[in-house]
Amino acid sequence: MGILDKLKAAAAAVTGGAAQVTLEYEPKVVMPGDAIRVKVTAASAGAEVKSGGVFVDLRAEEQIRVPRSAVAMQTKDSVLSMGDIHVEKTTFEQSFPIAPALVLAPNESKQVEGTVQVPAGVEPSYRGPHSEHRWQIRGRLDAFGNDPDSGWQPRDPAIAV
């Protein structure tokens with residue numbers, strides 16, 4: 001392995017490009033307390049990848065968006081116009097280990113299956129005129145540098161009431 005190959009491998013580890021990760025899961029809509037069946041597939045992007053484990057991350061975010069026209073305030077002499085209001089807050093975030101440490105050989109691919117238990121009592125998905133609560137899920141390898149991951153799967157799974 002030449003110096004350029006070593007530099008490419010180091011750059012891939014730092015940026016999360018050392019492996020390609022995909023996530024499949026069922027069902028798409030669950031209730032608090034239900035289990036989600038997951039399958040994480042990780043493929044080396046060319047170099048050996050040492051991982052501290054395979055994880056599935058579950059998170060929920062609430063977003064509030066109120067347009068300027070809805071927040072204009074009437075004063076005695078004029079209308080006071082404010083800018084749009086946009087607020088985001090993470091309401092839930094948890095990582096679930098589904099496989100122990102593993103090593104992907106150069107160009108090797110591995111699949112891991114498991115379940116993720118949605119905690120009871122979590123806030124469900126909803127969409128209102130100015131707010132939204134949405135759930136996201138992703139699969140990832142715990143690795144040196146930026147963890148290779150599947151990216152957040154937006155709005156899924158929906159948590160029903």
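Heavy atoms only: backbone and side chains are in, while hydrogens, waters and symmetry mates are out.
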Residue pair [X] / [Y], side-chain heavy-atom distance below 4.5 Å:
X      : Y      : answer
Ser109 : Gln20  : no
Val38  : Val56  : yes
Gln94  : Pro119 : yes
Glu61  : Gln136 : yes
Leu58  : Val118 : yes
Thr22  : Val40  : no

Please find the pair of heavy atoms, one from [X] and one from [Y], that lie closest to each other, and give the distance.
X      : Y      : value
Pro148 : Ala19  : CB-O, 3.6 Å
Pro106 : Glu48  : CG-N, 3.9 Å
Gln111 : Thr41  : CG-OG1, 3.0 Å
Ala42  : Leu141 : CB-CD1, 3.8 Å
Asp149 : Val21  : C-CB, 3.7 Å

So, taking the atom named [atom1] in [X] and the one named [atom2] in [Y], what distance separates them when rounded to the nearest 0.5 Å?
X      : Y      : atom1 : atom2 : value
Arg134 : Ser125 : CZ    : OG    : 10.5 Å
Leu102 : Ser51  : CG    : OG    : 4.5 Å
Ile64  : Glu88  : CD1   : CD    : 10.5 Å
Arg59  : Glu93  : CZ    : CD    : 6.0 Å

Between the main-chain N or O of [Y] and the side-chain N or O of [X], is there a donor-acceptor pair closer than 3.5 Å?
X      : Y      : result
Asp147 : Ala143 : yes
Lys50  : Ala101 : no
His133 : Pro124 : yes

Checklist entry - Below 4.0 angstrom, N of the basic side chain to O of the carboxylate: do Lys89 and Glu62 qualify? => result no
Item to check | Contacts of Glu26 that satisfy side chain to side chain donor-acceptor pair (under 3.5 Å) - sequence neighbours left out | outcome: none
Item to check | With sequence neighbours excluded, residues passing side-chain contact (heavy atoms from CB on, under 4.5 Å) with Ser95 | outcome: Phe55, Asp57, Arg140
Next on the checklist: Using the side-chain contact (heavy atoms from CB on, under 4.5 Å) criterion, which residues pair with Ser44? Sequence neighbours excluded.
Outcome noted: Val49, Leu104
Checklist outcome for this item: Residue pairs passing the side-chain hydrogen bond (donor to acceptor under 3.5 Å, both in side chains) test with at least one member in residues 112-123, sequence neighbours excluded, are none
Next on the checklist: Please evaluate residues Trp152 and Ile137 with respect to the criterion side-chain contact (heavy atoms from CB on, under 4.5 Å), reporting the C-alpha separation (whole Å), side-chain torsions for both, the decisive distance (0.1 Å), and the verdict.
Outcome noted: CA-CA 6 Å; Trp152 289 106; Ile137 189 170; 5.5 Å; no
Next on the checklist: For Arg65, give me all partners under salt bridge (Lys or Arg N to Asp or Glu O under 4.0 Å), at least two apart in sequence or on another chain.
Outcome noted: none
Item to check | Pairwise ring pair (Phe, Tyr, Trp, His ring centres under 6.0 Å) hits with a residue in residues 92-116, at least two apart | outcome: Phe92-Trp135
